[in-house]
Novice: 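Have a look at this one before I ask anything.
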Amino acid sequence: MSRLPYEAFLALRYLRPRRTFVSVITVISVIGVLLGVAVLIVVIAVMSGFDQQWRDCILGFNAHLTVFSAERDQPLLHYQAAMKIVSTNAGVVGVSPFIHSQVLAKTEPDNGKFKRSVPWLFGVDAATVGQVNNLPTSIISGDFNLTDKGIVIGRDYASINNLDVGDRVAIYSPSSLEKAEATAGKTNAEAALAEDFTVRGIFDVGFPDYNSQIVVASIDDTRELLDMPDDSAQALQVKLTDPFLSASVAAKLSASLPSSKYVMQTWQGDPSSVIFSALATEKEMMFYMLFFIMIVAAFGIVNCQITFVVQKTREIGILKSLGASSRQVLLIFLSQSVIVGVLGVGLGLSTALLALHYRNEFLEFMRRVTQSNLLPPSIYHVYELPVSIQVPDIVRICGTAFAACVLAGLFPAWKASRLPPVEALRHE
């Protein structure tokens, strides 16, 4: 004897594959639920992966909080006093001064043609920069050595400009170019003078925009290049224990620092942070849009159950004549929807996890077949398709899919339970 309740036993027996129209609809319903769950999980996991990777890369390289001079076009003078005050806050992990400016760079190859580019030059304090970002630990070739006009460059910038460790780069400051332009054609014309730097290392911070556009030098060499006063910086980078506490920490630091001299900007106030809000909105919209696949599958379940109730009308009459209650008849047909939901959700989850595991292999296969890059780093800012499988998202998708399956079968099951036994037995 089966240990299953007889309602579940009959539901399983009725669902056994047979060469009937109902069996075909049942299989289609299971496949519909499978595809709906799999597509939802894959899309939401990929969007969560983009959010997490971009957030990790951007917050790993940029400051959680930035302290500027109250006059934005003026440098911070004698910034060490401000650094001491900022570092005393319990929410602060590290503080480091920096300077950044767009410059003109020209490679100086031993052989071949030189290349020009306009990267962003970051001047950092080598002793403290590791406290606020992951640059020193992101070196993939050479060393993080900024002494004696040393620079480190991103891996994409190195590739685009055919640079390697030990190569020389001439860097022109904006002021020297402006002077040369202003005096061009005059008797006192000045030539734009460049500072020669040597590539000491190549970094990879995981974000193509940074890897292709940023050159890092020491803060002293950058001051000299940009004609900035000694003991000055453009701003202070601040790393916090929790980046989401940046607003409260900024409020506390504003009370400690003279407001007439300093202003603060959190990472949420940076233009690059807008992308995270856009991703969160898109992720929510994709969930609701793709959930229509589940609604289509639910209609398939309704159709299957209604057809099944019509075919089994005489059996319903026999069951009620033998003493089955309306509740038991309802449970028999509702159990079928539950079984379809369990099969569809389980197979959909398994399919999604399998697809996510081999996602990059599939993209590589498609790249070879189509002879095109389906995930260009210049557009998507990643080198591989990121994924973040979050348990709340899985529970939400699987739970709503299963609920849709059960609700889809509720009306046909209720109609079956309401059939009078005499009329059911007369049914032909």
Novice: How close do Met264 and Val67 get, heavy atom to heavy atom, and via which atoms?
Specialist: CG-CG2, 3.7 Å
Novice: For the residue pair Gly91 and Asn89, what are the closest heavy atoms and their distance?
Specialist: N-OD1, 2.8 Å
Novice: Atom CD in Glu71, atom CG in Leu76: separation rounded to 0.5 Å?
Specialist: 11.0 Å
Novice: May I have the list of side-chain donor-acceptor pairs in residues 225-232 shorter than 3.5 Å, sequence neighbours left out?
Specialist:
unit_1	atom_1	unit_2	atom_2	d
Asp231	OD1	Gln80	NE2	2.6
Asp231	OD2	His78	ND1	3.0
Ser232	OG	Pro229	O	2.5

Novice: Side chains of residues 159-166: which donor-acceptor partners sit under 3.5 Å, not counting sequence neighbours?
Specialist:
unit_1	atom_1	unit_2	atom_2	d
Asn161	ND2	Tyr157	O	3.0

Novice: Is the His64 to Trp267 ring centre distance short of 6.0 Å?
Specialist: no
Novice: So, for Ser388 and Ser48, which heavy atoms are closest and what is the spacing to 0.1 Å?
Specialist: O-CB, 3.5 Å
Novice: Are any side-chain N or O atoms of Asp221 and backbone N or O atoms of Lys149, one a donor and one an acceptor, separated by less than 3.5 Å?
Specialist: yes
Novice: Taking atom types as modelled and ignoring hydrogens, do the side chains of Asp204 and Tyr210 form a donor-acceptor contact shorter than 3.5 angstrom?
Specialist: no
Novice: Determine whether the side chains of Thr147 and Asn145 contain a donor N or O and an acceptor N or O closer than 3.5 Å.
Specialist: yes
Novice: Atom CD of Gln234 and atom OG of Ser69: how far apart are they, to the nearest 0.5 Å?
Specialist: 10.5 Å
Novice: Give the ring-plane orientation class for Phe291 versus Phe287, where under 30° counts as parallel, over 60° as perpendicular and anything between as tilted.
Specialist: parallel
Novice: Write down the atom of Tyr383, the atom of Pro208, and the distance for their closest heavy-atom approach.
Specialist: OH-CA, 3.5 Å
Novice: Restricting to non-hydrogen atoms, name the atom on Val95 and the atom on Val86 that form the minimum distance, rounded to 0.1 Å.
Specialist: CG2-CG1, 3.6 Å
Novice: Which atoms form the tightest heavy-atom contact between Thr266 and Ala250, and what is the distance?
Specialist: CG2-CB, 4.2 Å
Novice: Please report, to 0.1 Å, the donor-acceptor pairs under 3.5 Å made by any side chain of residues 121-128, with sequence neighbours excluded.
Specialist:
unit_1	atom_1	unit_2	atom_2	d
Asp125	OD1	Ala127	N	3.3
Asp125	OD2	Thr128	OG1	3.0
Thr128	OG1	Ser96	OG	2.8

Novice: To the nearest 0.5 Å, tell me how far Trp54 CH2 sits from Leu59 CG.
Specialist: 14.0 Å
Novice: Taking atom CD of Gln213 and atom CD of Gln102, what is their separation to the nearest 0.5 Å?
Specialist: 8.5 Å
Novice: Does the side chain to side chain contact (heavy atoms under 4.5 Å, CB included) test come out yes or no for Phe68 and Gln265, once each step is laid out?
Specialist: CA-CA 8 Å; Phe68 293 97; Gln265 177 178 293; 4.1 Å; yes
